[in-house]
2 protein chains.
Amino acid sequence: MIRRLPQARDRGIPEATVARLPLYLRALTGMTERGVATVSSEDLALAAGVNSAKLRKDLSHLGSYGTRGVGYDVEYLIYQISRELGLTQDWAVAIIGVGNLGRALANYGGFVSRGFRIAALLDADPEIVGDRIAGLNVEHIDELEAVMARRGVSIVVIATPAAAAQQLCDRVTAAGVTSILNFAPVVLTVPDGVDVRKVDLSIELQILAFHEQRKADRESGGPVMAEEWQQGASA
Amino acid sequence: MIRRLPQARDRGIPEATVARLPLYLRALTGMTERGVATVSSEDLALAAGVNSAKLRKDLSHLGSYGTRGVGYDVEYLIYQISRELGLTQDWAVAIIGVGNLGRALANYGGFVSRGFRIAALLDADPEIVGDRIAGLNVEHIDELEAVMARRGVSIVVIATPAAAAQQLCDRVTAAGVTSILNFAPVVLTVPDGVDVRKVDLSIELQILAFHEQRKADRESGGPVMAEEWQQGASA
DNA sequence: ATCCCTTTGTGAACACATGCACAAAGTGAA
DNA sequence: TTCACTTTGTGCATGTGTTCACAAAGGGAT
Ligand SMILES: NC(=O)c1ccc[n+]([C@@H]2O[C@H](COP(=O)([O-])OP(=O)(O)OC[C@H]3O[C@@H](n4cnc5c(N)ncnc54)[C@H](O)[C@@H]3O)[C@@H](O)[C@H]2O)c1
Ligand SMILES: NC(=O)c1ccc[n+]([C@@H]2O[C@H](COP(=O)([O-])OP(=O)(O)OC[C@H]3O[C@@H](n4cnc5c(N)ncnc54)[C@H](O)[C@@H]3O)[C@@H](O)[C@H]2O)c1
């Protein structure tokens, strides 16, 4: 067989794979801290809560970094995944909206540990502007463009009320930002080439409620069909 | 009109559809507030940020609630989706871990508006236990089982440090809870029949970083292939 | 060097999700 | 009633993701 271009590590990593790489990374970090030097796909898959074939296929998209009969070198794999995810550089993040949620995010240590640095906090409320949170001054939203440029911000977190989100989104994309994490419960419209990811707790709860209701229906009511349950792990 | 009653409304709604129903619901709520009585799949799809064929297929899983040539009755559709998601009853939610994040969640009004009621706040820290937050007393984690039973809690939110999460998860599942929303960055292991959904901001940022890096590579470096960009909307 | 054991990397089958395109069903006008 | 027009609901093709199952590769013992 021709075998199609052995070099050229396929530059198209499936989105589903990308979403799992951070999971593997987290599991690997835990292992390296516990002094584990080498890990099999079976063990790593277990730690990450996925099927081992899936894990191997995911990793195979990055290249061939395992040793047959042995497994993967933990440190080396951490490095390769980090590089692939872009965590070898660090990213300046701005948080817009320093309310309940924005404050919690700003105080959270878990970002810095991966290469994310909170570089700016912005709010519209004069009561809040000037506050010192997690070692940063809260700046006025009017300064948005200037602050982002000065600090080299490339990822923006929107944690304002829904009503303000689209307008702020327009401003940051106009300023050249192409990565946004949105907590406001609205669908953001963005130009091509801009990535938006959203976190919506309300949606998560509604999905849980749906399944919870089903389980209740099952028990009390209707004929149970031969249809097995979702596994615990979420998507 | 007779409406449906082809009694076999398919009892297996695809997971991908379930995850979008809350989105449609939100869009519909906005419309009803603006006095819109009827909406076409095209318009609703636009508001929800999805393709209209997908929207129609999603809705078709709930039954045949549209009128050809006209569209969907907004109120009626809100009711049907709410019922399907289990939002016509209300759900008692307990938050475990009242730190930065738990506090933000407790103070958030957006849950109550859909049928979710924060019924209990629990923490291990004696400094925090007894605090009054969002009209609720923070109770000691030792009381977990008793409190959950007394308040009829059926959904638990875990917002503690990662180290405590699995153990707490074991306790709540042992107490009969089958729906968990987890903010701690660990993979929870649960018995069959228990649903866990997770929210991990760090993972979201890493996914954004991956794409951001790609875009940067594209511009500066390598030969650009005929491969189009992700659309902005996240999965 | 040979053999046995372990574990990777992947082809191939399957399962699930998306989106096009259109027949069927409804509205409203004449 | 008939016709023109709109919009739903869905069959079907295509695309994406998952899982099985195994050949190929490497390690270590003899
Ligand atoms: N708190 C939660 O647990 C939670 C959960 C789910 C979703 N959310 C969503 O996250 C967002 C923030 O929630 P919150 O509880 O922190 O709200 P909040 O009201 O406490 O904070 C919002 C902050 O945004 C600021 N703001 C308003 N308009 C602004 C503008 N134009 N520019 C800059 N800043 C502006 C406000 O001054 C305020 O400080 C909301 O959209 C909410 O729906 C919050
Ligand atoms: N704050 C954020 O923005 C953020 C972002 C992403 C993830 N997270 C995750 O969410 C979780 C909470 O984050 P946080 O910033 O609120 O942390 P935090 O330290 O502010 O709060 C944790 C709370 O949990 C309580 N706790 C600890 N052990 C407990 C136990 N056994 N039983 C009951 N309560 C216990 C602590 O007393 C504390 O009040 C962490 O796992 C964190 O990794 C937080």
Side-chain angles (χ1 to χ4, degrees), chain A residues 1-10 12-21 23-24 36-74 76-77 80 227-228 230-231 233-235, chain B residues 1-4 6 8-10 12-21 23-24 36-46 48-74 76-77 80 207 227-228 230-231 233-235:
Chain A
M1 346 138 218
I2 308 286
R3 191 153 291 281
R4 68 176 209 84
L5 245 331
Q7 83 266 53
R9 177 177 349 114
D10 225 8
I13 298 183
E15 194 54 34
T17 295
V18 173
R20 281 187 296 265
L21 291 179
L23 231 57
Y24 304 151
V36 178
T38 273
V39 67
S40 69
S41 63
E42 200 65 53
D43 291 352
L44 181 52
L46 195 72
V50 303
N51 171 301
S52 72
K54 184 162 27 181
L55 172 82
R56 288 197 300 277
K57 187 151 284 187
D58 282 344
L59 294 183
S60 77
H61 286 111
L62 317 192
S64 196
Y65 298 138
T67 307
R68 292 169 194 234
V70 176
Y72 301 88
D73 181 278
V74 175
Y76 186 57
L77 196 51
Q80 290 299 343
E227 187 190 331
E228 70 267 42
Q230 293 295 115
Q231 233 301 37
S234 66
Chain B
M1 357 145 207
I2 307 287
R3 275 294 101 153
R4 40 165 238 98
R9 180 178 347 115
D10 223 9
I13 298 182
E15 194 54 33
T17 295
V18 173
R20 281 187 296 266
L21 291 178
L23 229 58
Y24 304 151
V36 178
T38 273
V39 68
S40 69
S41 62
E42 201 64 53
D43 291 352
L44 181 52
L46 194 73
V50 303
N51 171 300
S52 72
K54 187 168 15 185
L55 171 81
R56 287 197 299 276
K57 190 155 285 185
D58 282 344
L59 294 182
S60 78
H61 286 111
L62 317 191
S64 197
Y65 297 137
T67 307
R68 291 170 195 231
V70 177
Y72 300 88
D73 181 279
V74 175
Y76 186 58
L77 196 50
Q80 290 300 342
I207 296 171
E227 189 189 328
E228 68 268 43
Q230 293 295 116
Q231 233 301 39
S234 65

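Just so we're clear, the structure is a prediction, and the values are computed from it rather than from any experiment. Below, read A as the first sequence line, B as the second, and so on, with proteins coming before strands; counting in each chain starts at 1.
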Rounded distance in Å - CG (B/L59) to C1' (D/dT10)
13 Å

Distance in Å, A/I13 CD1 paired with A/L21 CG, rounded so as to fall on 0.5 Å steps
6.5 Å

Under-3.5 Å N/O pairs linking protein and nucleotides 12-15 of chain D:
unit_1: D/dC12; atom_1: N4; unit_2: B/K57; atom_2: NZ; d: 3.1

Please find the pair of heavy atoms, one from B/I207 and one from A/E15, that lie closest to each other, and give the distance.
CG2-OE2, 3.9 Å

Nearest whole Å is fine: how far is D/dG17 P from A/R20 CZ?
8 Å

Shorter than 3.5 Å, N or O on both sides, protein versus nucleotides 26-30 of chain C: list them out with atom names.
none

Does B/Y72 have its ring centroid less than 6.0 Å away from the ring centroid of B/Y65?
no

d(A/N51 CG, A/E42 CD) to nearest 0.5 Å is 8.0 Å

So B/L77 and B/L44, do their side chains get closer than 4.5 Å, heavy atoms only?
yes

Nearest-Å distance, CG (A/L44) to C1' (C/dG9)?
15 Å

Interatomic distance, A/L59 atom CG to A/R20 atom CZ [nearest 0.5 angstrom]:
10.0 Å

Could you check whether A/A53 gets within reach of a base, just the sugar-phosphate, or nothing at all, counting any heavy atom under 4.0 Å?
base

Check: B/D43 main-chain N/O paired with B/S40 side-chain donor or acceptor under 3.5 Å:
yes

If only side-chain N and O atoms of A/S41 are considered, is one of them under 4.0 Å from the OP1 or OP2 phosphate oxygen of C/dT7?
no

Would you indicate which nucleotide in D/dA21, D/dG9, D/dT7 comes nearest to any side-chain atom of B/S40?
D/dT7

Has B/N51 got a side-chain N or O lying under 4.0 Å from the OP1 or OP2 atom of C/dA17?
no

Rounded to whole angstroms, how far apart are CG on A/D43 and P on C/dT6?
14 Å

So which atom in A/T38 and which in A/D73 form the shortest heavy-atom distance, rounded to 0.1 Å?
OG1-CA, 4.3 Å

For the residue pair A/L55 and A/A45, what are the closest heavy atoms and their distance?
CD2-N, 3.9 Å

Gap between atoms OH and C1', on B/Y65 and C/dA25 respectively (whole Å)
18 Å

Please give, in whole Å, the distance from C/dT18 C1' to B/E15 CD?
17 Å

Euclidean distance, atom CG of residue B/D58 to atom C1' of D/dT10 [Å, nearest integer]
13 Å

Tell me: CG of A/L55 to P of D/dT19, nearest whole Å?
12 Å

